[in-house]
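Presented below is the structure to which this report refers.
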Protein chains: 2
Amino acid sequence: MKQEQKGITIKKEENMSEWYEQVCLKSELVEFSTVKGCMVIRPRGYSIWEKIKEHFEETINKPLGVKNAYFPLFVPESFFHKEAEHAKGFSPEVAWIDKELTGEGERLAIRPTSETIMYDSYSRWIRSYRDLPLKINQWCNVVRWETKATRLFLRSREFLWQEGHNVYETEKECEEETIEIIKRYAALCENLLAMPVLVGKKSEKEKFAGAKHTYTIEAFMPDGKALQCGTSHNLGTGFGKSFGISYLGKDEKKHTPFQNSWGLSTRLIGGLVMTHSDDAGLVLPPKVTENKIAIIPLLFKNKKEKVLEEANKLKKELKKFNPILDDSEDYSPGYKFSEHELKGTPIRIEIGPRDLEKDEVIVVRRDTKEKQSIKIKNLKKEIPRILDLMQKEMFEKAKEKMNSAIVEVKSKEDFNKAIKNKKLVKINWCGETTCEENIKEKTGATTRCILLKEKKAQGNCIYCGKKAKEIMYFSKSY
Amino acid sequence: MKQEQKGITIKKEENMSEWYEQVCLKSELVEFSTVKGCMVIRPRGYSIWEKIKEHFEETINKPLGVKNAYFPLFVPESFFHKEAEHAKGFSPEVAWIDKELTGEGERLAIRPTSETIMYDSYSRWIRSYRDLPLKINQWCNVVRWETKATRLFLRSREFLWQEGHNVYETEKECEEETIEIIKRYAALCENLLAMPVLVGKKSEKEKFAGAKHTYTIEAFMPDGKALQCGTSHNLGTGFGKSFGISYLGKDEKKHTPFQNSWGLSTRLIGGLVMTHSDDAGLVLPPKVTENKIAIIPLLFKNKKEKVLEEANKLKKELKKFNPILDDSEDYSPGYKFSEHELKGTPIRIEIGPRDLEKDEVIVVRRDTKEKQSIKIKNLKKEIPRILDLMQKEMFEKAKEKMNSAIVEVKSKEDFNKAIKNKKLVKINWCGETTCEENIKEKTGATTRCILLKEKKAQGNCIYCGKKAKEIMYFSKSY
């Protein structure tokens, strides 16, 4: 069993894919289920998802007035086909329950996303302008029958996500909030996960099936591939028309409202792991960890009692950081150090008899492995300072890394070279799908996004030579 | 559309089933989905589920050290059949994904419960006594392909629940915590939902498929039917043996650990609605409501300004109760009163110009409809007192009602009569499945439970005349 072998045996730089899998498994975030294509999110991984949920509720749902609800797992095939583009986009990866089994005269899809099943309800709920805006979110599982190899958190047949589905009277409100949400997604990545992202608009080719346009947050992984971490789609009135959603306006006339949908998933945890972790294992920003401290007493014969007493006192005093006191005598301190490095505990406190003589302990940061002696009486003040600093520096380091990967190129040759060198490449681009497909075929790179606040494109597309319409980021991607 | 007609048009006493459906739909807790057998839990209903979750985390998961995780939706058919009794118990209601569709060589069940898929993982995770106890819970959707008529919250093809799955070294620990959990379920029903329950053990016939024995909480509905609200199963070592779960004990020998599983579901919301609601609509205990107050200003010409000003001030002052200020001029106060009665807002505050002259407002409790004038300056102190009293009295009223339904009978004739009279009937009983089946066939009543703290049975079974072994409660049930 892979997950039983202690310690990461492959370097991040050597083989990131294999390293990543080892970190995920050995830190006990997740495992491959015996069910093909599926993962088990273990308690250590799930608690990260719970932190993301909490942060999301506080910074997105509450301030924007979004309410949670729950819609059926099953979507009748006929619903699916009401919006033609949408059906086309999702068909290849839908898992169906056969109509013979359902006895319903048609197949039922296991939701790959819930636009259609939700908007069927919306068509009954929305009558008047007084019912708008309607803002509903659900936290649920979705299923996409992937045929490519399973990658923990990144690609699996079932994953967890939230999907928000809002309805507005005006196009302006709709577009503004679609953008507001992608900005808040970016803030969640940066403030909670210490993971920098580009925030921008997807190309026509890469937009959501059935959307007018799609906004995205894109993180950039240390192996030179982008990871799409969340999307917010302006759906215009397309679904509204297909599902017969309409409202009586203040003008006493019937109108089709404007809609958006927006989601982020457990994939974020994958991005988090890749961004920060190292050859010793998981590194997590303190804000997403449940147990922020591991207290490890150094137990020498005849000097145990005092050390254990102090360790227990510390555990109580630092209670709000949910410290783990690792006082078993079955394992050596060195073994425990490695264990907590592997599992990503942000701070390690070592207490030994000699430190105690000086009323000190040794405090070690997981990310930098920096050691410092701190007076016991100062710990309560110092720990939050160190955690804040760690959170901040982890973000800065990741941000610097992303920035250093960005290059702007002016020619096709430089573009090809930059993609080969695993860069995040910024170009003046024509915006055409044929050019995009050509680039993908030749280089393997795909469009990431046009930044929200981007300058106008100048001159010609550096790849095909047609007139440039936008400044687009390209890279390989997950 | 049923849910568009305002106000409940049927009395609870006349036709509880139709009344219940109207209350659920018109208070906008839930609706029937177009997908047969499924429901949509609307924001007002889902927020009750969120309150249940919060309370659960605080009073069960945290104190018992249970961690949340997430396991796959799909269960291979072969897993399902590893524990023979379990497979037999669930087979009729499992929804399968055909093996042609999965391409996996076997059918996949959509989880009706997760023992098998979880214990497959447990068999890899548990190695040593140091890994025990293992306590894991998941909040998820489950699917049981019901063929009977759908009843909102009570019987649907998909519902939400939590399922806890713990593993212990000793039989004693396992049994004790199985009971501890059912007691905590009862406390949740009583303290949060103001819903009294019987707490006891299920008969052999009614126990969970694959369990050694099952504990249950049983609420008693106003129409004389019991509602099973949560169960906690002592699984013994049966699943452990079937799934090859074993650990190396302190004695350095291999052992099969002891397991339990325990769950409660969105069905609880159905029990809550039936227990407390009335002919005007939903009545909810304050602790499960998000908006505990509706402030309704009485707007007369020339006197609006002062009333609205005061209403807004009150809204701010009472912020911690999330008041709704219903100040639209499109609807009359009477319409608004009915609306908030229908939706179960616990307290209504009416502010009119005449009350204001006396620095008073009128406060109306939803459950009793009792009106009182309260000085504005006293509101901040009085509101929490009223909410607490309401919570307490709602429980007491429901408890009295349940107690008054309990009768102890000494003969078969009295038993039959009591069941016909919709009682919760307590008898000295033989404990035999044949007798239980006979009672069900003759009277429609089923065993509910043997109370945790029950006296010894005396004499003979009042139904079949064999020696009585236990004191069992019988009634009709949902």
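Note on naming: letters A, B, ... go to the chains in the order of the sequence lines (proteins, then strands), and numbering restarts at 1 for each one. Here the structure is a predicted model, which means the values were calculated and not measured.
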Under the ring pair (Phe, Tyr, Trp, His ring centres under 6.0 Å) test, residues paired with B:Phe71 that sit two or more places apart: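 If we apply the ring pair (Phe, Tyr, Trp, His ring centres under 6.0 Å) test to B:Phe71, skipping adjacent residues, the hits are B:Trp125.
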Which atom of [X] lies closest to which atom of [Y], heavy atoms considered:
{"X": "A:Phe32", "Y": "B:Arg124", "answer": "O-NH2, 3.9 Å"}
{"X": "A:Ala69", "Y": "B:Ile41", "answer": "CB-O, 3.3 Å"}
{"X": "B:Pro76", "Y": "A:Val35", "answer": "CD-CG2, 3.5 Å"}
{"X": "B:Phe74", "Y": "A:Cys38", "answer": "CD1-SG, 4.0 Å"}

Is there a side-chain contact between B:Pro43 and A:Asn68, using heavy atoms and a 4.5 Å cut-off? no
Got a second to check how far [X]'s [atom1] is from [Y]'s [atom2], nearest 0.5 Å?
{"X": "B:Glu57", "Y": "A:Glu50", "atom1": "CD", "atom2": "CD", "answer": "6.0 Å"}
{"X": "A:Phe79", "Y": "B:Thr34", "atom1": "CZ", "atom2": "OG1", "answer": "4.0 Å"}
{"X": "A:Ser33", "Y": "B:Tyr70", "atom1": "OG", "atom2": "OH", "answer": "11.0 Å"}

Counting only heavy atoms from other residues, nucleotides and ligands, does the tally under 6.0 Å from NZ of A:Lys67 exceed 12?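 Count not over threshold, so no.
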Atom NZ of B:Lys36: over 12 foreign heavy atoms under 6.0 Å: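 Atom NZ in B:Lys36 is not packed in, count stays at 12 or less.
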Using non-hydrogen atoms and a 4.5 Å limit, figure out which bit of B:Arg44 sits close to chain A: side chain, backbone, both or neither.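 Interface part for B:Arg44: neither.
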Structural part of B:Asp120 lying under 4.5 Å from a heavy atom of chain A: side chain
Output the residues of residues 153-163 of chain A for which the shortest heavy-atom distance to chain B is under 4.5 Å, in residue-number order; output 'none' if no such residue exists.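 Listed by number, the contacting residues are A:Arg157, A:Glu158, A:Leu160.
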Strictly less than 4.5 Å between heavy atoms, which residues of residues 134-149 of chain A line up against chain B? Please order them by number. A:Ile136, A:Asn141, A:Val143, A:Trp145
Give, as side chain, backbone, both or neither, the part of A:Glu290 having an atom under 4.5 angstrom from any heavy atom of chain B. neither
Between B:Ser121 and A:Glu31, does the side-chain contact (heavy atoms from CB on, under 4.5 Å) criterion hold? Intermediate values first, please. CA-CA 9 Å; B:Ser121 283; A:Glu31 74 163 6; 2.7 Å; yes
Write out, in numerical order, the residues from residues 108-119 of chain B with a heavy atom short of 4.5 Å from a heavy atom in chain A.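 Only B:Leu108, B:Ile110, B:Arg111, B:Ile117 of residues 108-119 of chain B have a heavy atom under 4.5 Å from chain A.
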